[in-house]
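Following: one structure in C-alpha coordinates, then a few remarks.
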Number of protein chains: 2
Amino acid sequence: MEIKFDLNESLFLKDPQDTALGRKIVENGIILIDSIGFEGFTFKKLAKEIGSTEKSIYRYFENKHYFLLFLTSWYWEWVRFLIEINIKNVDSPQKQLRIAIKYLVLATAENPMNKYINENLLHKLVIKEGGKAYHIYEVDDENKAGMFLSYKFLVQLVSNIINAINPKFPYSASLASNLFEMANNQIYFAEHIPKLTSLKPGKNMDEDLIAMLIYFAEGILIKKG
Amino acid sequence: MEIKFDLNESLFLKDPQDTALGRKIVENGIILIDSIGFEGFTFKKLAKEIGSTEKSIYRYFENKHYFLLFLTSWYWEWVRFLIEINIKNVDSPQKQLRIAIKYLVLATAENPMNKYINENLLHKLVIKEGGKAYHIYEVDDENKAGMFLSYKFLVQLVSNIINAINPKFPYSASLASNLFEMANNQIYFAEHIPKLTSLKPGKNMDEDLIAMLIYFAEGILIKKG
DNA sequence: TAGATGTGACAGTAATACTATCGGAAACAC
DNA sequence: GTGTTTCCGATAGTATTACTGTCACATCTA
(Lines give C-alpha, C1' and ligand atoms only; values in the text may rest on other atoms or scores of the structure.)
Protein backbone atom coordinates (compact mmCIF):
# COMPACT_ATOMS: atom_id res chain seq x y z
CA MET A 1 0.00 0.00 0.00
CA GLU A 2 1.14 3.49 -0.76
CA ILE A 3 0.02 6.86 0.50
CA LYS A 4 0.44 10.00 -1.52
CA PHE A 5 0.04 13.40 0.09
CA ASP A 6 -0.70 16.58 -1.81
CA LEU A 7 2.19 18.71 -0.70
CA ASN A 8 2.79 22.32 -1.60
CA GLU A 9 4.35 22.50 -5.05
CA SER A 10 7.03 24.92 -3.96
CA LEU A 11 8.64 22.02 -2.12
CA PHE A 12 9.85 20.25 -5.25
CA LEU A 13 10.54 20.77 -8.92
CA LYS A 14 8.87 17.46 -9.74
CA ASP A 15 6.85 15.41 -7.27
CA PRO A 16 9.04 12.48 -6.18
CA GLN A 17 5.92 10.58 -5.14
CA ASP A 18 5.03 10.13 -8.83
CA THR A 19 8.04 8.23 -10.18
CA ALA A 20 10.13 5.23 -9.30
CA LEU A 21 13.30 7.30 -9.18
CA GLY A 22 11.56 9.91 -7.02
CA ARG A 23 10.48 7.32 -4.49
CA LYS A 24 13.96 5.82 -4.49
CA ILE A 25 15.42 9.24 -3.73
CA VAL A 26 13.04 9.74 -0.82
CA GLU A 27 13.38 6.23 0.56
CA ASN A 28 17.17 6.18 0.49
CA GLY A 29 17.52 9.84 1.35
CA ILE A 30 15.85 9.19 4.70
CA ILE A 31 18.18 6.27 5.35
CA LEU A 32 21.26 8.23 4.36
CA ILE A 33 20.45 11.34 6.40
CA ASP A 34 19.72 9.14 9.38
CA SER A 35 23.09 7.45 9.10
CA ILE A 36 25.40 10.39 8.38
CA GLY A 37 23.40 13.44 9.56
CA PHE A 38 21.93 16.25 7.52
CA GLU A 39 25.14 18.33 7.50
CA GLY A 40 27.15 15.48 6.04
CA PHE A 41 24.45 14.54 3.56
CA THR A 42 24.93 15.51 -0.10
CA PHE A 43 23.06 14.72 -3.30
CA LYS A 44 26.27 13.25 -4.67
CA LYS A 45 26.44 10.66 -1.91
CA LEU A 46 22.75 9.86 -2.30
CA ALA A 47 23.16 9.50 -6.07
CA LYS A 48 25.98 7.02 -5.59
CA GLU A 49 23.86 5.11 -3.07
CA ILE A 50 20.96 4.65 -5.50
CA GLY A 51 23.07 4.26 -8.64
CA SER A 52 21.93 7.52 -10.15
CA THR A 53 23.49 10.94 -10.63
CA GLU A 54 23.59 14.24 -8.78
CA LYS A 55 21.87 15.95 -11.68
CA SER A 56 18.94 13.55 -11.62
CA ILE A 57 18.24 14.36 -7.98
CA TYR A 58 18.50 18.08 -8.72
CA ARG A 59 15.65 17.55 -11.20
CA TYR A 60 13.40 16.77 -8.22
CA PHE A 61 14.71 19.14 -5.55
CA GLU A 62 16.41 22.52 -5.83
CA ASN A 63 18.81 21.67 -3.01
CA LYS A 64 19.09 19.58 0.11
CA HIS A 65 17.24 22.12 2.21
CA TYR A 66 14.13 21.67 0.04
CA PHE A 67 14.57 17.95 0.32
CA LEU A 68 14.49 18.20 4.12
CA LEU A 69 11.44 20.43 3.90
CA PHE A 70 9.74 17.85 1.73
CA LEU A 71 10.49 15.08 4.20
CA THR A 72 9.30 17.04 7.23
CA SER A 73 6.16 18.15 5.40
CA TRP A 74 5.41 14.57 4.45
CA TYR A 75 5.90 13.65 8.08
CA TRP A 76 3.52 16.35 9.37
CA GLU A 77 0.92 15.25 6.84
CA TRP A 78 1.36 11.69 8.04
CA VAL A 79 0.86 12.65 11.69
CA ARG A 80 -2.20 14.68 10.77
CA PHE A 81 -3.58 11.72 8.84
CA LEU A 82 -3.05 9.44 11.85
CA ILE A 83 -4.73 11.86 14.23
CA GLU A 84 -7.64 12.57 11.92
CA ILE A 85 -8.58 8.95 11.29
CA ASN A 86 -8.23 8.09 14.96
CA ILE A 87 -10.39 10.87 16.38
CA LYS A 88 -13.08 10.48 13.74
CA ASN A 89 -15.63 8.66 15.86
CA VAL A 90 -14.64 10.15 19.20
CA ASP A 91 -16.97 12.80 20.57
CA SER A 92 -15.21 14.01 23.71
CA PRO A 93 -12.58 16.63 22.85
CA GLN A 94 -10.63 15.62 25.93
CA LYS A 95 -10.35 12.09 24.57
CA GLN A 96 -9.46 13.54 21.17
CA LEU A 97 -6.54 15.43 22.69
CA ARG A 98 -5.24 12.31 24.38
CA ILE A 99 -5.40 10.48 21.06
CA ALA A 100 -3.63 13.33 19.28
CA ILE A 101 -0.85 13.31 21.86
CA LYS A 102 -0.49 9.55 21.52
CA TYR A 103 -0.01 9.75 17.76
CA LEU A 104 2.31 12.71 17.76
CA VAL A 105 4.62 10.73 20.04
CA LEU A 106 4.32 7.36 18.35
CA ALA A 107 3.80 8.60 14.78
CA THR A 108 2.99 5.10 13.71
CA ALA A 109 -0.06 3.11 12.62
CA GLU A 110 -1.13 -0.11 14.31
CA ASN A 111 -0.85 -2.00 11.04
CA PRO A 112 2.34 -0.59 9.58
CA MET A 113 1.81 0.24 5.95
CA ASN A 114 4.20 -1.24 3.48
CA LYS A 115 5.47 1.81 1.70
CA TYR A 116 8.72 3.16 0.43
CA ILE A 117 8.83 5.52 3.39
CA ASN A 118 9.94 4.06 6.71
CA GLU A 119 7.92 6.18 9.12
CA ASN A 120 9.88 5.23 12.20
CA LEU A 121 13.12 6.30 10.59
CA LEU A 122 11.46 9.46 9.30
CA HIS A 123 10.25 10.22 12.82
CA LYS A 124 13.81 9.84 14.11
CA LEU A 125 14.95 12.17 11.35
CA VAL A 126 12.36 14.82 12.23
CA ILE A 127 13.34 14.63 15.90
CA LYS A 128 17.00 15.22 15.01
CA GLU A 129 16.83 17.52 12.03
CA GLY A 130 13.25 18.81 11.82
CA GLY A 131 13.97 22.22 13.33
CA LYS A 132 16.46 22.96 10.57
CA ALA A 133 13.60 22.96 8.08
CA TYR A 134 12.42 26.35 9.32
CA HIS A 135 15.38 27.79 11.22
CA ILE A 136 16.82 29.33 8.10
CA TYR A 137 17.58 32.76 6.76
CA GLU A 138 14.90 32.53 4.05
CA VAL A 139 12.12 31.60 6.49
CA ASP A 140 9.91 34.58 5.64
CA ASP A 141 10.02 34.01 1.89
CA GLU A 142 9.41 30.31 2.33
CA ASN A 143 6.53 30.95 4.68
CA LYS A 144 4.94 33.24 2.10
CA ALA A 145 5.39 30.51 -0.51
CA GLY A 146 3.44 28.12 1.71
CA MET A 147 6.32 25.80 2.56
CA PHE A 148 5.19 25.28 6.16
CA LEU A 149 1.51 24.69 5.48
CA SER A 150 1.59 21.07 6.57
CA TYR A 151 2.88 22.00 10.00
CA LYS A 152 0.38 24.84 10.26
CA PHE A 153 -2.56 22.55 9.41
CA LEU A 154 -1.45 20.07 12.03
CA VAL A 155 -1.13 22.75 14.70
CA GLN A 156 -4.53 24.12 13.67
CA LEU A 157 -6.11 20.69 14.08
CA VAL A 158 -4.82 20.29 17.64
CA SER A 159 -5.53 23.91 18.41
CA ASN A 160 -9.20 23.34 17.52
CA ILE A 161 -9.40 20.37 19.86
CA ILE A 162 -7.92 22.51 22.64
CA ASN A 163 -10.50 25.21 21.98
CA ALA A 164 -13.27 22.64 22.21
CA ILE A 165 -12.01 21.52 25.62
CA ASN A 166 -11.70 25.04 27.01
CA PRO A 167 -13.05 27.83 24.79
CA LYS A 168 -11.72 30.49 27.16
CA PHE A 169 -8.12 29.29 27.01
CA PRO A 170 -6.17 32.09 25.31
CA TYR A 171 -3.08 30.17 24.15
CA SER A 172 -4.42 27.26 22.09
CA ALA A 173 -2.03 27.69 19.14
CA SER A 174 0.99 28.03 21.42
CA LEU A 175 0.01 25.00 23.46
CA ALA A 176 -0.51 22.98 20.28
CA SER A 177 2.82 23.90 18.68
CA ASN A 178 4.56 23.41 21.99
CA LEU A 179 3.18 19.89 22.33
CA PHE A 180 4.85 18.96 19.03
CA GLU A 181 8.10 20.77 19.70
CA MET A 182 8.26 19.48 23.25
CA ALA A 183 7.56 15.89 22.27
CA ASN A 184 10.41 15.83 19.76
CA ASN A 185 12.77 17.79 21.97
CA GLN A 186 12.28 15.65 25.03
CA ILE A 187 12.89 12.48 23.03
CA TYR A 188 16.06 14.03 21.62
CA PHE A 189 17.25 15.08 25.07
CA ALA A 190 16.52 11.67 26.56
CA GLU A 191 18.66 10.03 23.89
CA HIS A 192 21.51 12.54 23.76
CA ILE A 193 21.55 15.05 26.65
CA PRO A 194 19.64 13.27 29.41
CA LYS A 195 20.32 15.94 32.03
CA LEU A 196 17.85 18.16 30.17
CA THR A 197 14.84 15.91 30.61
CA SER A 198 12.97 13.88 33.22
CA LEU A 199 12.46 11.02 30.76
CA LYS A 200 14.58 7.89 30.95
CA PRO A 201 15.43 6.04 27.76
CA GLY A 202 14.04 2.54 27.65
CA LYS A 203 11.04 0.45 26.87
CA ASN A 204 8.45 2.69 28.46
CA MET A 205 9.81 6.05 27.38
CA ASP A 206 7.11 6.68 24.79
CA GLU A 207 4.40 5.88 27.32
CA ASP A 208 6.07 8.12 29.90
CA LEU A 209 6.26 10.96 27.41
CA ILE A 210 2.60 10.56 26.46
CA ALA A 211 1.69 10.66 30.15
CA MET A 212 3.82 13.75 30.68
CA LEU A 213 2.31 15.64 27.75
CA ILE A 214 -1.21 14.78 28.88
CA TYR A 215 -0.31 15.88 32.42
CA PHE A 216 0.97 19.20 31.07
CA ALA A 217 -1.87 19.87 28.66
CA GLU A 218 -4.66 18.93 31.02
CA GLY A 219 -3.02 20.68 33.94
CA ILE A 220 -3.14 23.89 31.97
CA LEU A 221 -6.54 23.39 30.37
CA ILE A 222 -8.69 21.81 33.01
CA LYS A 223 -9.44 23.52 36.28
CA LYS A 224 -9.25 21.27 39.25
CA GLY A 225 -11.01 21.52 42.59
CA MET B 1 32.60 46.88 32.11
CA GLU B 2 33.37 43.42 30.89
CA ILE B 3 32.19 40.02 32.03
CA LYS B 4 34.22 36.90 31.51
CA PHE B 5 32.68 33.48 31.91
CA ASP B 6 34.64 30.31 32.53
CA LEU B 7 33.47 28.21 29.64
CA ASN B 8 34.40 24.62 28.96
CA GLU B 9 37.80 24.50 27.29
CA SER B 10 36.63 22.12 24.59
CA LEU B 11 34.70 25.01 23.10
CA PHE B 12 37.76 26.84 21.79
CA LEU B 13 41.43 26.37 20.97
CA LYS B 14 42.25 29.67 22.67
CA ASP B 15 39.85 31.66 24.82
CA PRO B 16 38.63 34.60 22.72
CA GLN B 17 37.67 36.46 25.90
CA ASP B 18 41.39 36.92 26.66
CA THR B 19 42.61 38.87 23.63
CA ALA B 20 41.62 41.90 21.63
CA LEU B 21 41.41 39.86 18.44
CA GLY B 22 39.34 37.21 20.18
CA ARG B 23 36.82 39.76 21.42
CA LYS B 24 36.68 41.31 17.96
CA ILE B 25 35.92 37.89 16.47
CA VAL B 26 33.09 37.32 18.94
CA GLU B 27 31.66 40.83 18.70
CA ASN B 28 31.59 40.92 14.91
CA GLY B 29 30.76 37.26 14.53
CA ILE B 30 27.47 37.85 16.34
CA ILE B 31 26.69 40.80 14.08
CA LEU B 32 27.60 38.90 10.91
CA ILE B 33 25.63 35.74 11.76
CA ASP B 34 22.65 37.91 12.62
CA SER B 35 22.80 39.64 9.27
CA ILE B 36 23.48 36.74 6.89
CA GLY B 37 22.39 33.66 8.87
CA PHE B 38 24.53 30.84 10.22
CA GLU B 39 24.46 28.82 6.99
CA GLY B 40 25.81 31.73 4.98
CA PHE B 41 28.37 32.65 7.60
CA THR B 42 32.03 31.74 6.99
CA PHE B 43 35.27 32.52 8.76
CA LYS B 44 36.51 34.05 5.53
CA LYS B 45 33.72 36.63 5.49
CA LEU B 46 34.23 37.38 9.18
CA ALA B 47 37.98 37.79 8.65
CA LYS B 48 37.36 40.31 5.89
CA GLU B 49 34.91 42.16 8.14
CA ILE B 50 37.43 42.61 10.95
CA GLY B 51 40.48 43.07 8.72
CA SER B 52 42.07 39.81 9.74
CA THR B 53 42.56 36.41 8.13
CA GLU B 54 40.75 33.10 8.04
CA LYS B 55 43.70 31.36 9.64
CA SER B 56 43.72 33.75 12.59
CA ILE B 57 40.12 32.86 13.41
CA TYR B 58 40.90 29.17 13.06
CA ARG B 59 43.46 29.69 15.82
CA TYR B 60 40.56 30.40 18.20
CA PHE B 61 37.87 28.00 16.96
CA GLU B 62 38.15 24.67 15.20
CA ASN B 63 35.24 25.53 12.90
CA LYS B 64 32.07 27.57 12.77
CA HIS B 65 30.08 24.99 14.65
CA TYR B 66 32.34 25.41 17.68
CA PHE B 67 32.01 29.13 17.32
CA LEU B 68 28.21 28.83 17.53
CA LEU B 69 28.56 26.56 20.54
CA PHE B 70 30.77 29.14 22.20
CA LEU B 71 28.22 31.89 21.58
CA THR B 72 25.27 29.87 22.84
CA SER B 73 27.22 28.73 25.89
CA TRP B 74 28.17 32.30 26.66
CA TYR B 75 24.48 33.19 26.33
CA TRP B 76 23.32 30.45 28.69
CA GLU B 77 25.92 31.55 31.25
CA TRP B 78 24.67 35.09 30.88
CA VAL B 79 21.04 34.08 31.49
CA ARG B 80 22.08 32.01 34.49
CA PHE B 81 24.02 34.98 35.84
CA LEU B 82 20.96 37.23 35.44
CA ILE B 83 18.66 34.76 37.16
CA GLU B 84 21.07 34.04 39.99
CA ILE B 85 21.68 37.65 40.96
CA ASN B 86 17.97 38.47 40.73
CA ILE B 87 16.67 35.64 42.91
CA LYS B 88 19.38 36.04 45.53
CA ASN B 89 17.31 37.80 48.14
CA VAL B 90 13.97 36.27 47.23
CA ASP B 91 12.71 33.58 49.58
CA SER B 92 9.54 32.33 47.91
CA PRO B 93 10.35 29.75 45.22
CA GLN B 94 7.20 30.75 43.37
CA LYS B 95 8.50 34.31 43.10
CA GLN B 96 11.89 32.92 42.09
CA LEU B 97 10.31 31.03 39.21
CA ARG B 98 8.54 34.16 38.00
CA ILE B 99 11.83 36.03 38.07
CA ALA B 100 13.60 33.23 36.21
CA ILE B 101 10.92 33.27 33.52
CA LYS B 102 11.19 37.01 33.19
CA TYR B 103 14.94 36.89 32.59
CA LEU B 104 14.89 33.95 30.22
CA VAL B 105 12.51 35.92 28.02
CA LEU B 106 14.17 39.31 28.31
CA ALA B 107 17.76 38.11 28.72
CA THR B 108 18.82 41.62 29.52
CA ALA B 109 19.97 43.60 32.55
CA GLU B 110 18.27 46.78 33.71
CA ASN B 111 21.50 48.73 33.35
CA PRO B 112 22.90 47.39 30.10
CA MET B 113 26.56 46.59 30.52
CA ASN B 114 28.94 48.13 28.09
CA LYS B 115 30.72 45.10 26.73
CA TYR B 116 31.89 43.84 23.40
CA ILE B 117 28.97 41.42 23.36
CA ASN B 118 25.61 42.85 22.39
CA GLU B 119 23.29 40.67 24.46
CA ASN B 120 20.13 41.63 22.62
CA LEU B 121 21.64 40.61 19.32
CA LEU B 122 23.02 37.45 20.88
CA HIS B 123 19.57 36.63 22.19
CA LYS B 124 18.14 37.05 18.67
CA LEU B 125 20.88 34.76 17.40
CA VAL B 126 20.14 32.07 19.99
CA ILE B 127 16.43 32.23 19.12
CA LYS B 128 17.20 31.70 15.43
CA GLU B 129 20.22 29.43 15.46
CA GLY B 130 20.55 28.10 19.01
CA GLY B 131 19.07 24.69 18.29
CA LYS B 132 21.76 24.01 15.70
CA ALA B 133 24.35 24.03 18.47
CA TYR B 134 23.19 20.60 19.65
CA HIS B 135 21.22 19.17 16.74
CA ILE B 136 24.32 17.69 15.17
CA TYR B 137 25.67 14.30 14.31
CA GLU B 138 28.46 14.52 16.88
CA VAL B 139 26.10 15.38 19.77
CA ASP B 140 27.07 12.37 21.91
CA ASP B 141 30.80 13.00 21.69
CA GLU B 142 30.34 16.67 22.37
CA ASN B 143 28.09 15.97 25.31
CA LYS B 144 30.77 13.70 26.77
CA ALA B 145 33.32 16.47 26.28
CA GLY B 146 31.12 18.80 28.33
CA MET B 147 30.15 21.15 25.53
CA PHE B 148 26.58 21.60 26.79
CA LEU B 149 27.37 22.13 30.45
CA SER B 150 26.24 25.75 30.46
CA TYR B 151 22.79 24.78 29.28
CA LYS B 152 22.63 21.91 31.75
CA PHE B 153 23.55 24.17 34.67
CA LEU B 154 20.86 26.62 33.70
CA VAL B 155 18.21 23.91 33.42
CA GLN B 156 19.37 22.51 36.75
CA LEU B 157 18.96 25.90 38.40
CA VAL B 158 15.36 26.28 37.24
CA SER B 159 14.67 22.63 37.91
CA ASN B 160 15.66 23.16 41.57
CA ILE B 161 13.29 26.10 41.89
CA ILE B 162 10.49 23.95 40.47
CA ASN B 163 11.26 21.22 42.98
CA ALA B 164 11.09 23.75 45.79
CA ILE B 165 7.63 24.83 44.66
CA ASN B 166 6.28 21.32 44.34
CA PRO B 167 8.56 18.53 45.58
CA LYS B 168 6.19 15.86 44.30
CA PHE B 169 6.22 17.11 40.71
CA PRO B 170 7.90 14.38 38.67
CA TYR B 171 8.93 16.35 35.58
CA SER B 172 10.99 19.27 36.88
CA ALA B 173 13.86 18.90 34.40
CA SER B 174 11.49 18.57 31.46
CA LEU B 175 9.45 21.57 32.53
CA ALA B 176 12.61 23.62 32.99
CA SER B 177 14.12 22.77 29.59
CA ASN B 178 10.74 23.24 27.97
CA LEU B 179 10.41 26.74 29.40
CA PHE B 180 13.63 27.72 27.65
CA GLU B 181 12.87 25.96 24.40
CA MET B 182 9.31 27.20 24.37
CA ALA B 183 10.27 30.80 25.08
CA ASN B 184 12.67 30.91 22.16
CA ASN B 185 10.41 28.97 19.86
CA GLN B 186 7.34 31.07 20.48
CA ILE B 187 9.28 34.26 19.84
CA TYR B 188 10.61 32.78 16.61
CA PHE B 189 7.14 31.70 15.51
CA ALA B 190 5.62 35.08 16.34
CA GLU B 191 8.18 36.78 14.14
CA HIS B 192 8.26 34.31 11.26
CA ILE B 193 5.42 31.77 11.27
CA PRO B 194 2.68 33.48 13.30
CA LYS B 195 0.09 30.77 12.68
CA LEU B 196 2.05 28.55 15.05
CA THR B 197 1.67 30.76 18.10
CA SER B 198 -0.89 32.72 20.07
CA LEU B 199 1.53 35.60 20.56
CA LYS B 200 1.22 38.75 18.50
CA PRO B 201 4.37 40.67 17.55
CA GLY B 202 4.47 44.16 18.99
CA LYS B 203 5.32 46.19 22.01
CA ASN B 204 3.84 43.88 24.62
CA MET B 205 4.93 40.58 23.16
CA ASP B 206 7.63 39.95 25.76
CA GLU B 207 5.18 40.68 28.57
CA ASP B 208 2.58 38.42 26.96
CA LEU B 209 5.10 35.62 26.64
CA ILE B 210 6.16 35.97 30.27
CA ALA B 211 2.50 35.83 31.29
CA MET B 212 1.94 32.75 29.15
CA LEU B 213 4.95 30.88 30.52
CA ILE B 214 3.92 31.68 34.09
CA TYR B 215 0.38 30.54 33.29
CA PHE B 216 1.72 27.26 31.92
CA ALA B 217 4.24 26.58 34.67
CA GLU B 218 1.93 27.47 37.55
CA GLY B 219 -1.01 25.69 35.94
CA ILE B 220 1.02 22.52 35.95
CA LEU B 221 2.73 22.99 39.32
CA ILE B 222 0.12 24.49 41.56
CA LYS B 223 -3.09 22.70 42.41
CA LYS B 224 -6.13 24.87 42.30
CA GLY B 225 -9.43 24.48 44.09
C1' DT C 1 5.92 6.89 -36.04
C1' DA C 2 7.11 11.48 -34.59
C1' DG C 3 7.76 14.06 -30.66
C1' DA C 4 8.06 15.04 -25.91
C1' DT C 5 9.95 13.60 -21.60
C1' DG C 6 13.05 11.41 -18.27
C1' DT C 7 17.51 9.75 -17.11
C1' DG C 8 22.51 8.97 -17.08
C1' DA C 9 27.13 10.43 -18.41
C1' DC C 10 30.30 13.80 -18.38
C1' DA C 11 32.31 18.40 -17.93
C1' DG C 12 32.93 22.48 -15.60
C1' DT C 13 32.78 26.42 -11.95
C1' DA C 14 32.71 29.26 -7.81
C1' DA C 15 32.63 28.85 -3.09
C1' DT C 16 33.54 26.34 1.16
C1' DA C 17 36.22 24.37 4.69
C1' DC C 18 39.91 23.67 5.79
C1' DT C 19 45.75 22.90 6.26
C1' DA C 20 50.66 24.34 5.69
C1' DT C 21 54.42 27.44 5.64
C1' DC C 22 56.78 31.76 6.39
C1' DG C 23 58.02 36.21 8.25
C1' DG C 24 57.55 40.17 11.20
C1' DA C 25 56.09 42.51 15.52
C1' DA C 26 55.30 42.46 20.15
C1' DA C 27 55.56 40.52 24.71
C1' DC C 28 58.30 38.14 28.07
C1' DA C 29 62.32 35.99 30.21
C1' DC C 30 66.68 36.41 32.24
C1' DG D 1 69.23 44.42 26.03
C1' DT D 2 69.43 40.34 23.76
C1' DG D 3 67.25 35.89 22.91
C1' DT D 4 63.05 33.43 22.62
C1' DT D 5 58.49 32.43 22.49
C1' DT D 6 53.93 33.84 21.10
C1' DC D 7 50.77 35.92 18.14
C1' DC D 8 49.18 37.46 13.96
C1' DG D 9 48.93 38.41 8.94
C1' DA D 10 50.06 36.95 4.21
C1' DT D 11 50.04 33.70 0.85
C1' DA D 12 49.38 29.24 -1.18
C1' DG D 13 47.21 25.07 -1.80
C1' DT D 14 43.65 21.06 -1.53
C1' DA D 15 39.49 18.25 -1.37
C1' DT D 16 34.82 18.76 -1.21
C1' DT D 17 30.46 21.06 -1.85
C1' DA D 18 26.87 22.93 -4.34
C1' DC D 19 25.63 23.62 -7.99
C1' DT D 20 24.90 24.44 -13.84
C1' DG D 21 25.16 22.99 -18.79
C1' DT D 22 25.17 19.89 -22.63
C1' DC D 23 24.33 15.71 -25.03
C1' DA D 24 22.84 11.07 -26.14
C1' DC D 25 19.72 7.52 -25.50
C1' DA D 26 15.66 5.13 -23.94
C1' DT D 27 10.84 5.23 -23.19
C1' DC D 28 6.35 6.70 -23.02
C1' DT D 29 2.73 9.27 -25.29
C1' DA D 30 -0.30 11.31 -29.08
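Keep in mind that this is a model prediction, so the values were computed, not measured. In what follows, chains are A, B, ... by sequence order, proteins preceding strands, each numbered from 1.
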What integer distance in Å separates A/I57:CD1 from C/dG8:P?
-> 9 Å
Report yes if the side chains of A/F216 and A/M182 come closer than 4.5 Å at any heavy-atom pair, otherwise no.
-> yes
Regarding the side chain of A/T53, the nearest nucleotide among C/dG8, D/dT17, D/dC19 is C/dG8
Quick one: is C/dT16 close enough that its OP1 or OP2 comes under 4.0 Å of any side-chain N or O from B/K45?
-> yes
Rounded to the nearest Å, what distance is computed from the CZ atom of residue B/F41 to the P atom of nucleotide C/dT16?
-> 12 Å
Using a cut-off of less than 4.0 Å, is there contact between a side-chain N or O of A/Y60 and OP1 or OP2 of C/dT7?
-> yes
Do A/T72 and A/Y134 meet the criterion of a side-chain donor-acceptor pair at a distance under 3.5 Å?
-> no
What's the CD-C1' distance between B/E39 and C/dA15, to the nearest Å?
-> 15 Å
What does B/S56 touch in the nucleic acid at a heavy-atom separation under 4.0 angstrom: a base, only the sugar-phosphate, or nothing?
-> base
Would you kindly give the NZ-to-C1' distance between A/K44 and D/dC19, to the nearest whole Å?
-> 11 Å
Aromatic centroids of A/W78 and A/F5 separated by under 6.0 Å | no
Is the distance from OP1 or OP2 of C/dG8 to the nearest side-chain N or O of A/S52 less than 4.0 Å?
-> yes
Salt bridge (Lys or Arg N to Asp or Glu O under 4.0 Å) pairs, two or more places apart, involving residues 72-82 of chain A | A/E77-A/R80, A/R80-A/E84
Got a second to check how far B/I57's CD1 is from B/E49's CD, nearest 0.5 Å?
-> 10.5 Å
So which protein N/O to nucleotides 20-30 of chain D N/O distances come out below 3.5 Å?
{"from": "D/dG21", "atom 1": "N7", "to": "A/K55", "atom 2": "NZ", "distance (Å)": "3.2"}

Is the shortest side-chain N to carboxylate O distance from B/K132 to A/E39 below 4.0 Å?
-> no
For the residue pair B/F67 and B/F41, is the inter-centroid distance of their aromatic rings smaller than 6.0 Å?
-> yes
Touch class at under 4.0 angstrom, heavy-atom based, for A/F61 against every strand present = nothing
Whole-Å distance separating the NE2 atom of A/H65 from the C1' atom of D/dT17 | 17 Å
Going by atom types only, do A/S10 and A/E142 share a side-chain donor-acceptor pair under 3.5 Å?
-> no
What's the CZ-P distance between A/F43 and D/dT17, to the nearest Å?
-> 13 Å
Scan side-chain atoms only and decide if A/K152 and A/N143 contain a donor-acceptor pair under the 3.5 Å cut-off.
-> yes
Tell me: CG of A/L46 to P of D/dT17, nearest whole Å?
-> 13 Å
Contacting residues from residues 5-29 of chain B, given that a heavy atom lies under 4.0 angstrom of DNA chain D = B/K14, B/L21
